[in-house]
Student: 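Attaching a single structure in structure tokens format; questions to follow.
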Amino acid sequence: MTHWTRFPASHKGLRLRYKPAGDGRALRRAAFDRSLPVPHAGDERSPADKGASVAASRDDLRSVCERFGPDGVPFHETVYGVPTDGPVEVPPGAEDVAGEEFRRAWDTARRDRRSTRHRTGPLPEGSLVTGTVTALPWGPGITGLVVDIGGPGRGFVGLGQLPHSGEDWPAVGTVTEFEVVQVRFSVRPGSPDLEIRLRPTAVPPPGGPWPRRGPR
């Protein structure tokens, strides 16, 4: 199976790496954009590779559809980008690269996309959503709580976003407003996982009821 790379001059400042399937379409697509910063200082990458704009896999997208249905696709595309649909057209100047080099570039692109702040998509960072607390899996005051915000995946509020005393945490069934902090999409083979990190927009005084929405 051929692995190849495209030089920046051939595609608007992008360095693209594809892993083609037998039908010529891309199984995986990794794109590094010279206009994007590198999210990880000290990363081992080619000097010409800047931040990744795409790290998309057709196999992952299939798993996302099986797990979350079509509602999960926009979240996956927000984090990892869009895989190419048609056959890959290899431009002049493309060169074959070894499988190990492709693997390193792929892992770097995936790490970049998971660390990127997403200000587009179904739930951009900073979006306000109303959610219902559905579980305190570790008990009040420990680790965090789970929130249903009415979409695919789960909402999660970490310990640092909640009152110091577990007695002041919202109980299961509490409906209140949250701000989206981060969209996390793990794509372990065959087991994709979508988590929306949240924080409450308002925290009541000790012993007070949780407000349905924060101040404007």
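Any value given below was found using the heavy atoms of this structure, including those in side chains, with hydrogens, waters and symmetry copies removed.
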Student: Indicate the atoms forming the closest heavy-atom contact of L194 with F185, along with that distance.
Tutor: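 Looks like CD1-CD1, 3.7 Å.
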Student: Give me the atom names and distance for the closest heavy-atom approach of V157 to P200.
Tutor: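 Heavy-atom minimum between the residues: CG1-CD, 4.0 Å.
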Student: Could you state the interatomic distance from CZ (R29) to OG (S57), rounded to the nearest 0.5 Å?
Tutor: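 Here the interatomic distance stands at 13.0 Å.
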Student: Spell out, as yes or no, whether a donor-acceptor pair under 3.5 Å connects the side chain of R197 to the backbone of V181.
Tutor: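 Looks like no, no N/O pair under 3.5 Å.
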Student: Hydrophobic cluster membership, with links at side-chain heavy-atom distances under 4.5 Å among I/L/V/M/F/W/Y: are V73 and L27 in one?
Tutor: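 The answer is no; the residues belong to distinct hydrophobic clusters.
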Student: So, do W210 and V133 sit near enough that their side-chain heavy atoms are less than 4.5 Å apart?
Tutor: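 The answer is no, as the side chains (C-beta and beyond) never meet within the 4.5 Å cut-off.
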Student: Given side chain to side chain contact (heavy atoms under 4.5 Å, CB included), test F178 with R199 step by step and report yes or no.
Tutor: CA-CA 5 Å; F178 300 91; R199 63 181 168 216; over 6 Å; no
Student: Grab the two heavy atoms, one from V54 and one from R113, that are nearest each other, plus how far apart they are.
Tutor: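 Smallest interatomic distance, heavy atoms only, reads N-CD, 4.0 Å.
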Student: Applying a strict under-4.5 Å side-chain criterion to I, L, V, M, F, W and Y, I'd like to know whether V175 and L128 cluster together.
Tutor: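 Looking at the clustering, L128 is in a separate group from V175.
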Student: Could you grab the distance from atom OG1 of T176 to atom CG of L198, nearest 0.5 Å is fine?
Tutor: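 The OG1 atom of T176 sits 11.0 Å away from the CG atom of L198.
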Student: Under a plain distance cut-off of 3.5 Å, with no hydrogens placed, do T201 and E179 share a side-chain donor-acceptor pair?
Tutor: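 There is no such pair between these side chains.
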Student: With a 4.5 Å cut-off on side-chain heavy-atom distances among I, L, V, M, F, W and Y, is there a chain of contacts connecting V146 to L136?
Tutor: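 No, V146 and L136 fall in different hydrophobic clusters.
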Student: Does some side-chain heavy atom of T132 sit less than 4.5 Å from a side-chain heavy atom of T174?
Tutor: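 SC-SC contact between T174 and T132 ruled out.
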Student: Backbone N or O of G144 within a donor-acceptor pair of the W169 side chain at under 3.5 Å?
Tutor: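 It does not hold such a pair.
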Student: So how far is it from H118 NE2 to R184 CZ, rounded to the nearest 0.5 Å?
Tutor: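 CZ of R184 is found 11.0 Å from NE2 of H118.
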Student: Are side-chain heavy atoms of P206 and P163 found at a separation under 4.5 Å?
Tutor: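 The answer is no, as the side chains (C-beta and beyond) never meet within the 4.5 Å cut-off.
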Student: Y80 ring centre to R110 NZ or CZ under 6.0 Å, with the angle to the axis within 45°?
Tutor: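 Checked: cation-pi criterion met.
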Student: Would you give the length of the straight line joining atom CG of L145 to atom CG of L162, rounded to the nearest 0.5 angstrom?
Tutor: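 Taking CG in L145 and CG in L162, the distance rounds to 5.0 Å.
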Student: P204 and P211: which non-hydrogen atoms are nearest, and at how many Å?
Tutor: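 Closest pair (atom of P204, atom of P211, distance): CD-CD, 4.1 Å.
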Student: So if you build clusters from Ile, Leu, Val, Met, Phe, Trp, Tyr with side-chain heavy-atom gaps below 4.5 Å, do V147 and L123 land together?
Tutor: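 Linked within one cluster.
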Student: Less than 4.5 Å apart, side chain to side chain, heavy atoms only: is that true for L159 and W138?
Tutor: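 Of all side-chain heavy-atom pairs linking W138 with L159, none is under 4.5 Å.
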Student: Between atom CZ of F156 and atom OG1 of T143, what is the distance when rounded to the nearest 0.5 Å?
Tutor: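 F156 CZ to T143 OG1: 6.5 Å, rounded to 0.5 Å.
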Student: Treat each ILVMFWY residue as a node, draw an edge where side-chain heavy atoms are under 4.5 Å apart, and state whether V82 and V187 are in one component.
Tutor: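 V82 and V187: separate clusters.
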Student: Determine, stepwise, if the pair D107 / R104 fulfils salt bridge (Lys or Arg N to Asp or Glu O under 4.0 Å).
Tutor: CA-CA 5 Å; D107 289 347; R104 287 197 305 270; over 6 Å; no
Student: Quick one: pull up CZ in R117 and CD in E125 and give me the separation to the nearest 0.5 Å.
Tutor: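 Between R117 CZ and E125 CD, I get 4.5 Å after rounding to 0.5 Å.
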Student: Do D193 and R154 pass the salt bridge (Lys or Arg N to Asp or Glu O under 4.0 Å) test, and can you show the C-alpha distance, the side-chain angles, and the key distance before you say yes or no?
Tutor: CA-CA 9 Å; D193 184 63; R154 67 182 177 279; 2.8 Å; yes
Student: Testing the basics here: between A52 and A109, what is the closest heavy-atom pair and its distance to 0.1 Å?
Tutor: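 That closest heavy-atom pairing would be CB-CA, 3.6 Å.
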Student: Go through the steps for T130 and I149 under the test side chain to side chain contact (heavy atoms under 4.5 Å, CB included), then give the verdict.
Tutor: CA-CA 6 Å; T130 298; I149 57 174; over 6 Å; no
